[in-house]
Amino acid sequence: MTDFDYQKQAQDYYSNAPVIILGSGSSMAFGLPGMGELAEYIKAHVDTGLIPGGELGSWSEFCRLLDAGVDLEMALEQANFSEEATDLVIQVVWGLINDRDEEVYRKSVSDRSVFPLGHMLSHMLSSSLPELNIITTNYDCLAEYACDQQELYHYSGFSHGYTRRLIDADHVRCGRKVNIWKVHGSLDWFCSTTNETISISRAQFRPDDYRPQIVTPGIQKYQKTHLEPYRSIIANADNAISNASSYLCIGFGFNDEHIQPKLLNKCKRNGASITVVTHTLTDQAKSLLFDGQIKNYLAIERFEDDDHSKIYSSLCDEPIIVDGNFWSLKGFLGLIM
């Protein structure tokens, strides 16, 4: 037993209206693929007949690296494919994630209990708070569906309607708003041959000559995110982080250079609080969170089975094991609401 009150710490951090950071772990809980599954799917489904002849050697090396256990992002960085070869990877990744995303959407239409995130957003906005910020590296639209289920207006950089275009945030004025900053693009974003980016709601097709606007891991990621709409989206995400004093990370592995530097600097220099809720804390997360420079943190991961949690806290010298599922978002809501 311990006198450490982790519930109070969780509630204190939550009361400061945290910016919400969604990582791949938050979507994997709904059956969306993780990096390992994506790697196997890319190997199996990219049509090698369409790969430029001069890159077939790079493709073979890429597959060899994956077979040797190298993670997908590092393998793609080392392969350094051309834009043409990268587009083949993007098409395959888009297809798999879009199919899984569609399955979740269909379920959510008839089951209003699907998204704990929606319940949390609604709870946060039940006060005088006018808007919330979500920052995500995910391509899927689960955050948008969670807002829809709770009848919350969400803004992701685009106008509303079936065919949406980039537009300023004040285009629609409302009492409550959730900003969703998708720093690596979205399933419903497409780029035309004239380089116009549009968003098509619930697109089960890709318009002729339009390319999915998602940024895959690898060297192209850093090149593409310097262009619009990513540059503006990342700038808005940076502003959200800069203006916040609390952060709630859900399924985030701290492996993204677009989010974590500013986030961690704010925690180190300004004493901002950070809560991490995840199935398994990555080694990278542990290294960054527990290096002694972050003064206000709470991290919760699964321990041995779904009904036990391991809790790390800046208020406790050693991690503690507790009964209860507090590592999932649904379980975590039991601590804070």
Side-chain angles (χ1 to χ4, degrees), residues 18-38 41 93-125 131-158 160 164 176-190 199-204 212-217 233 236-237 240 247-253 255-256 258-259 275-280 327-333:
V19 167
I20 299 165
I21 315 289
L22 299 179
S24 60
S26 66
S27 294
M28 288 174 66
F30 292 87
L32 274 292
M35 286 296 185
E37 185 178 354
L38 279 177
Y41 194 83
V93 169
W94 184 91
L96 174 60
I97 297 179
N98 193 64
D99 287 346
R100 299 284 180 83
D101 181 272
E102 171 71 12
E103 292 175 11
V104 178
Y105 175 73
R106 288 177 179 272
K107 182 179 180 182
S108 71
V109 170
S110 58
D111 183 356
R112 292 182 63 85
S113 67
V114 168
F115 298 113
L117 176 63
H119 292 293
M120 183 176 72
L121 295 173
S122 184
H123 181 262
M124 293 175 75
L125 288 172
E131 69 176 20
L132 299 170
N133 286 286
I134 295 175
I135 302 171
T136 181
T137 55
N138 302 335
Y139 312 133
D140 60 68
C141 298
L142 271 58
E144 291 92 322
Y145 303 154
C147 290
D148 286 350
Q149 202 165 64
Q150 296 296 318
E151 301 176 7
L152 300 174
Y153 169 68
H154 60 82
Y155 169 73
S156 59
F158 293 79
H160 270 230
R164 300 177 285 151
R176 302 183 304 167
K177 179 175 69 169
V178 180
N179 298 314
I180 304 175
W181 308 119
K182 307 183 82 168
V183 296
H184 293 166
S186 181
L187 290 175
D188 56 352
W189 297 5
F190 299 91
S199 177
I200 303 177
S201 299
R202 297 303 317 137
Q204 292 308 301
Q213 279 284 64
I214 59 175
V215 180
T216 55
I233 296 296
N236 279 297
Y247 311 98
L248 172 58
C249 302
I250 305 166
F252 184 59
N255 292 309
D256 188 82
H258 290 128
I259 294 177
T275 304
V276 181
V277 180
T278 189
H279 182 280
T280 304
W327 53 267
S328 70
L329 181 55
K330 182 177 181 180
F332 181 71
L333 295 187

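In what follows, residues are counted from 1 in the order of the sequence shown.
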With sequence neighbours excluded, tell me which residues meet side chain to side chain donor-acceptor pair (under 3.5 Å) with [X].
X      : answer
Ser113 : Asp111
Asn133 : Asn179, Trp181
Ser328 : Asn325
His123 : Tyr14

Non-neighbouring partners of [X] that pass side chain to side chain contact (heavy atoms under 4.5 Å, CB included), sequence neighbours left out:
X      : answer
Val276 : Cys249, Phe254, Ile274, Thr278, Leu281, Leu289, Ala299
Ser186 : Cys141, Glu144, Lys182, Asp188, Trp189
Tyr153 : Tyr155, His160, Val172, Cys174, Lys177

Taking the side chain as every heavy atom from C-beta outward, state whether [X] and [Y] have any atom pair closer than 4.5 Å.
X      : Y      : answer
Asp148 : Ser108 : no
Leu96  : Pro33  : yes
Ser26  : Leu329 : no
Ile20  : Met124 : yes
Leu132 : Arg176 : no

Report task. Please identify each residue that fulfils ring-ring contact (aromatic ring centres under 6.0 Å, His included) with Phe115, with sequence neighbours left out. Result -> Phe30
Query raised in the report: With Phe332, which residues qualify under ring-ring contact (aromatic ring centres under 6.0 Å, His included), at least two apart?
Result: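 By the ring-ring contact (aromatic ring centres under 6.0 Å, His included) rule, Phe332 matches no residue at all.
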Minimum heavy-atom separation for [X] to [Y], with atom names?
X      : Y      : result
Ile259 : Ile135 : CD1-CG2, 3.6 Å
Gly157 : Ile233 : CA-CD1, 4.4 Å
Leu22  : Ala143 : CD1-CB, 4.0 Å

Requested in this report: Would you mind telling me which of Thr137, Asp256, Thr216, Asn138 makes a side-chain hydrogen bond (donor to acceptor under 3.5 Å, both in side chains) with His184?
Outcome: Asp256
Requested in this report: To the nearest 0.5 Å, tell me how far Leu117 CG sits from Ser122 OG.
Outcome: 11.0 Å
Query raised in the report: Under 3.5 Å, side chain of Tyr139 to main-chain N/O of Gln213, donor-acceptor pair present?
Result: no
**Report entry** Any donor-acceptor pair under 3.5 Å from Arg164 side chain to Ser201 backbone
**Finding:** no
Report task. Identify, with sequence neighbours excluded, every residue that meets salt bridge (charged side-chain N to carboxylate O under 4.0 Å, His left out) alongside Asp101. Result ->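 Salt bridge (charged side-chain N to carboxylate O under 4.0 Å, His left out) check on Asp101 returns Arg202.
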Report task. Quick one: list whatever passes salt bridge (charged side-chain N to carboxylate O under 4.0 Å, His left out) with Glu37, sequence neighbours left out. Result -> Arg100
